[in-house]
Structures are given as C-alpha cells and as structure tokens.
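To start, the structure itself, in structure tokens.
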Protein chains: 2
Amino acid sequence: MNPMTAARSPLSPTDRPQLGLRERKKIKTREGIRAATYALIKEQGYDATTIEQIAERAEVSPSTVFRYFPTKEDIVLTDEYDPLMLEELRNRPAGESWLDSVRHVMHLAIEANNREDPEVARMRAHLSVQVPAVRSRMVESMSATGRLLREAIAERHGLDPDSIEVRVYAMSFIGGLMEASMYWAENDFEGELSDLVDRALDVLEHGLPTENT
Amino acid sequence: MNPMTAARSPLSPTDRPQLGLRERKKIKTREGIRAATYALIKEQGYDATTIEQIAERAEVSPSTVFRYFPTKEDIVLTDEYDPLMLEELRNRPAGESWLDSVRHVMHLAIEANNREDPEVARMRAHLSVQVPAVRSRMVESMSATGRLLREAIAERHGLDPDSIEVRVYAMSFIGGLMEASMYWAENDFEGELSDLVDRALDVLEHGLPTENT
DNA sequence: TATATTTTGAGAGCTACTCTCATTTCATGG
DNA sequence: CCATGAAATGAGAGTAGCTCTCAAAATATA
C-alpha cells in the first residue's frame with residue numbers, strides 16, 4: 001500500500017518494473033476489489049457484505065470479482081509472503097539454532113505485514129477470529145506455508161520432509177504462529193504480536209513455564 | 001454402530017436407556033442420513049453427492065437433513081468424544097507425566113473410534129485429506145477440543161487456561177493428532193494410527209530425532 | 001489501420017443453506 | 001380410547017456463493 005517504505009524493506013512484495021497497460025490495470029482492479037471489500041466489511045461486517053456489493057463499489061462485474069479471487073475469503077486474506085520467508089530462512093547463518101532462525105523470520109514477516117498496512121493486518125486477524133470461513137481459509141493457507149517449511153527443516157536437519165516427524169515439527173510452528181495471532185486479536189491487539197510469537201516459540205522450545213526441565 | 005461391543009468399551013457414546021418412540025425415531029433418522037451419505041459418497045464422491053440425493057436415499061426431506069446437521073460436512077464428521085476424553089484425562093493418576101496421559105487418552109480415542117466402525121473412521125480421514133471443506137470443518141472441531149484441553153492442562157499445571165502458553169501447548173497436541181491422522185490417510189492407512197500418534201508426541205516431547213538434546 | 005489476444009460483462013444455472021407455515025406424528029391426561 | 005398440546009416433518013420460496021458460456025470491449029502486435 002505504501003510503495004515508498006515497502007520498496008526498501010525485506011519481505012515485501014517485489015516492486016513492479018515496467019509493465020504494460022494491461023498488467024497495470026489488472027493490479028489496479030485487484031487492489032480496487034480489495035479496497036472495496038475492506039471498506040464494506042468495515043461498514044457492514046463480513047457476512048452482510050455480498051459479492052454484488054463489492055463488485056458495485058469496485059466498479060466491476062461480479063464475474064470479474066471471481067476471476068480475481070477464487071472465494072470471498074481470499075479477497076480478505078491473500079498475500080504471498082511465503083516464498084520470501086523461505087528464502088530468508090535458508091539464508092540464515094548455519095550456526096544459528098533452528099528456533100532462532102524461525103523466530104527471526106517470523107519477526108520479519110510480522111514487521112513487513114504490519115508496515116504495509118497495519119489496519120488491514122488487524123482486520124485480517126480480527127476476521128480470522130470472528131468469521132469461521134475466513135479462519136479456515138487462513139488455516140489452509142498456513143498449512144501450505146507449513147509444507148514449504150518442511151522442506152527447509154528437512155534440508156537443515158537432513159531428514160525426510162515427508163516424514164511425520166518433520167510434519168509435526170513444522171506444524172507446531174505454524175500452529176504457534178496462528179495461536180499468537182488469534183490471541184492478539186482476541187485481546188484487542190494490545191501488546192506487540194512479536195512478543196506473543198516469542199512466547200509461543202518459547203513454549204515449543206521449553207515446554208510450559210512451570211516445567212523446569 | 002455395534003452396540004454389543006460399544007457398550008462395554010471406554011470412551012464410547014453413552015448407551016440409551018429407555019427412550020420414547022420419538023427419541024428413538026430421531027436417532028434412527030439421524031443414523032439413516034449418515035448411512036445414506038456414506039453410501040453415496042462411496043459411490044460418487046463427496047462433491048457429486050448433493051443434499052437432495054442424501055435426503056432421497058434416507059427417505060426424508062432436504063429440510064430434515066439440515067435440521068439434523070448444520071452443514072454437509074457435519075454429516076460426515078460429527079461425533080462427540082470430547083467430554084469423554086476430558087474426563088478420562090482428569091482421571092489419570094496424579095504421578096503420570098502429562099505427555100503419557102495425553103498419549104494414553106489419544107490411544108483410547110483412536111481405539112474407540114476405530115472399533116465403532118473402522119471403515120467410517122478411514123473414510124473420515126480420507127475425506128479430511130481430499131476435501132478442503134471437510135478438512136476445515138475437522139480443524140474447527142479439533143480446535144474446540146483444544147479449548148477443552150486447555151482447561152485440563154491449566155488445571156494440572158496451575159496455569160491460566162487462556163494464557164498464550166497454554167493455548168500453544170494444547171494446540172501442539174491437537175496439531176500433532178491431526179498430522180498423524182492425515183499422514184495415515186495420505187499413506188493409504190498402512191500401519192497403525194496409534195503408532196503415528198506416538199511418533200508425533202515424541203517429536204513434541206523431544207524435538208526432532210537428530211537433535212539429541 | 002487491421003488483426004489477434006486478453007479481459008470483461010451479462011446472464012443462466014447449480015447447490016448449500018435459511019425461513020416460514022401448514023400438516024403430520026407422537027406424548028399425555030382424562 | 002380419545003382429545004389436546006407439543007414436537008417433528010415436508011413443501012416451497014428465497015439468498016448468496018460460485019461456475020460456465022458466449023459475445024462485446026479493450027489492449028497488444030504488425
């Protein structure tokens with residue numbers, strides 16, 4: 001949303017070089033649909049907002065909305081940090097502990113996501129808590145991220161990325177991230193999301209606070 | 001499905017004592033809808049099976065189907081072991097380690113679920129892998145179980161059930177269970193699900209196999 | 001400017017799901 | 001056994017998300 005800052009920050013969507021009119025229009029349409037959706041949801045709530053209304057406000061036809069986004073939930077959620085996160089993960093110093101690498105990358109992702117548009121970031125988290133359909137779409141998307149994570153983990157530890165061990169390990173990180181995000185939204189976004197993620201990762205690393213082993 | 005064996009096993013739905021004709025009919029209808037659904041899905045697949053077809057085969061009206069099950073996915077999934085699992089968890093000996101308690105209860109749940117109708121158990125796992133809508137409904141239902149788990153954990157460790165630590169901890173178990181189940185289905189149900197759950201729990205307890213710390 | 005390619009809009013169609021209301025089915029007291 | 005009240009059912013209309021098709025409009029290319 002803010003190309004000035006986004007351009008220099010890590011983990012932000014790639015800048016668009018020289019694009020034809022066609023491509024530029026597509027991006028504009030896409031962002032128009034998103035903007036219309038956010039505005040309408042803010043006004044009326046998620047369920048009360050129909051695709052027809054979104055299309056109307058974005059000045060496109062309903063067909064076009066579905067051409068740009070497979071489902072209504074995707075309009076709210078889609079954003080692809082995954083490949084960037086993965087690369088960042090691979091580029092971490094070899095000596096660094098795995099948990100620290102993950103911690104680092106998650107912090108980066110949160111920061112990037114937040115800088116791009118803090119209000120939207122909160123709305124997403126909020127809807128993930130409130131609207132089951134949105135939440136489940138988010139879980140799906142996180143699972144996809146998890147599948148990528150597996151490969152990074154397997155690579156680093158010399159394990160089979162499809163083994164159940166690696167799967168469970170990867171999923172625990174994704175789950176921790178999700179819980180952190182939902183906890184944040186449920187508690188009115190007080191405090192920093194990064195701190196919550198840290199606490200989540202601590203639990204995965206050391207178990208519950210009272211278990212001093 | 002099999003009252004003879006189900007009656008004596010732990011973690012099985014409560015037997016129904018003396019019920020009026022009305023209640024008995026309701027149970028029959030409910031099971032009829034389920035049976036019709038399973039049969040149709042087996043024949044045509046999940047997506048190709050419509051509520052109308054289900055209603056027709058179960059000899060009820062479509063309205064009735066929705067009266068018994070809020071969504072199509074719920075016809076396939078719903079089954080309430082949660083309260084029983086919770087009680088079982090609370091009744092574990094005080095000295096037993098938390099991980100062992102969870103392991104024990106999960107084994108019981110798997111066993112019960114499997115004894116009731118192995119084929120249905122597999123179909124569920126299979127659909128959770130294949131059909132996004134079913135999977136996401138299952139995730140939701142598991143999250144609900146997770147919320148119950150939190151209380152048991154908090155009770156045992158003297159922590160706040162709503163703290164992020166307990167949430168993450170509970171979620172890691174649920175996630176492990178889900179991964180095990182999906183892994184099982186994805187690998188054609190070879191081996192025992194309980195063994196997979198054990199491996200999942202081992203990862204949560206000790207980290208990945210190569211990390212010998 | 002002419003032609004090929006993409007993108008869009010219009011509209012029909014499907015299905016999950018909701019709501020309402022009249023009808024049927026069961027429960028209960030006399 | 002019957003009358004009355006309550007609950008379950010069926011029929012039908014309606015909504016919204018989503019898919020598909022096809023012709024028109026916009027853009028690229030020569």
Side-chain angles (χ1 to χ4, degrees), chain A residues 16-34 36-37 40-41 43-78 127 131-138 140, chain B residues 16-34 36-38 40-41 43-78 127 130-138 140:
Chain A
R16 314 134 186 161
Q18 297 300 56
L19 291 175
L21 173 56
R22 212 158 232 172
E23 303 292 317
R24 267 177 290 148
K25 256 198 165 173
K26 267 165 74 168
I27 292 170
K28 234 173 152 180
T29 307
R30 193 178 172 84
E31 289 182 349
I33 294 172
R34 290 269 275 274
T37 305
L40 283 166
I41 290 179
E43 291 170 26
Q44 331 173 331
Y46 182 85
D47 288 327
T49 300
T50 73
I51 297 286
E52 213 168 338
Q53 292 173 331
I54 293 171
E56 194 181 352
R57 181 161 309 191
E59 295 182 318
V60 294
S61 75
S63 327
T64 299
V65 175
F66 285 115
R67 232 176 244 118
Y68 280 82
F69 300 93
T71 71
K72 188 176 161 190
E73 298 89 58
D74 281 287
I75 307 179
V76 174
L77 290 178
T78 304
L127 290 175
V131 184
V134 174
R135 175 172 50 249
S136 81
R137 188 66 194 75
M138 165 159 277
E140 281 295 305
Chain B
R16 313 133 186 162
Q18 297 300 56
L19 290 174
L21 173 56
R22 209 157 235 173
E23 303 291 318
R24 267 177 291 149
K25 254 196 164 173
K26 268 165 69 170
I27 292 170
K28 234 171 151 182
T29 307
R30 193 179 171 83
E31 289 182 349
I33 294 171
R34 290 268 276 274
T37 305
Y38 286 132
L40 283 166
I41 289 179
E43 291 171 26
Q44 330 173 331
Y46 182 85
D47 288 327
T49 300
T50 72
I51 298 286
E52 212 167 339
Q53 293 174 329
I54 292 170
E56 194 180 353
R57 181 161 309 191
E59 295 183 318
V60 294
S61 73
S63 327
T64 299
V65 175
F66 285 114
R67 235 177 239 117
Y68 280 82
F69 300 94
T71 72
K72 189 176 160 188
E73 299 89 59
D74 281 286
I75 307 179
V76 175
L77 291 178
T78 305
L127 290 173
Q130 300 294 332
V131 184
V134 174
R135 175 172 50 250
S136 82
R137 189 65 195 74
M138 166 158 275
E140 281 294 306

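In what follows, chains are A, B, ... by sequence order, proteins preceding strands, each numbered from 1. This is a predicted model, so every value here is computed, not measured.
- Rounded to whole Å, atom C1' of C/dC26 lies 11 Å from atom CZ of B/R24.
- Taking atom OH on B/Y46 and atom P on C/dT15, their separation rounds to 14 Å, with Å as the unit.
- Comparing A/E59 and B/E23 by the nucleotide of DNA chain C whose heavy atom lies nearest to each, the residue mapping closer to the 5' end is A/E59.
- Taking the charged nitrogens against the carboxylate oxygens, A/K28 and A/E23 have no contact shorter than 4.0 Å, which rules out a salt bridge.
- For D/dC18, neither phosphate oxygen OP1 nor OP2 lies less than 4.0 angstrom from any side-chain nitrogen or oxygen of A/S63.
- The interatomic distance linking B/K72 (NZ) with C/dT18 (C1') rounds to 17 Å, in whole Å.
- Side-chain contact between A/V60 and A/Y68 is absent, with no heavy-atom pair separated by less than 4.5 Å.
- Rounding to whole angstrom units, CG of residue A/L21 and P of D/dT27 are separated by 5 Å.
- Contact annotation: A/K26 side-chain N/O to C/dT7 OP1/OP2 distance is under 4.0 Å.
- Within a 6.0 Å sphere centred on CD of A/Q44, heavy atoms belonging to other residues, nucleotides or ligands number more than 12.
- Residue B/K25 places at least one side-chain N or O closer than 4.0 Å to OP1 or OP2 of C/dC26.
- A straight line from CZ of B/F69 to P of C/dT15 spans 21 Å, rounded to a whole angstrom.
- What separates CD1 of A/I51 from C1' of D/dT15 is a distance of 13 Å, to the nearest Å.
- Atom CZ of A/R67 and atom C1' of C/dT7 are 7 Å apart (whole Å).
- Atoms CG (B/D74) and C1' (C/dA16) sit 13 Å apart, rounded to a whole Å.
- Between A/R135 and B/E140 there is a salt bridge, since at least one side-chain N of the basic residue sits less than 4.0 Å from a carboxylate O of the acidic one.
- In terms of phosphate contacts, A/T64 brings a side-chain nitrogen or oxygen within less than 4.0 Å of OP1 or OP2 of C/dG9.
- When the side-chain nitrogen and oxygen atoms of A/Y68 are compared with OP1 and OP2 of C/dT8, one or more of them lie within a distance under 4.0 Å.
- Between A/E43 and A/R57 there is a salt bridge, with a side-chain nitrogen of the basic residue lying less than 4.0 Å from a carboxylate oxygen of the acidic one.
- Judged by distance alone with a 3.5 Å cut-off, a donor-acceptor contact links the side chain of B/R22 to the base of C/dT25.
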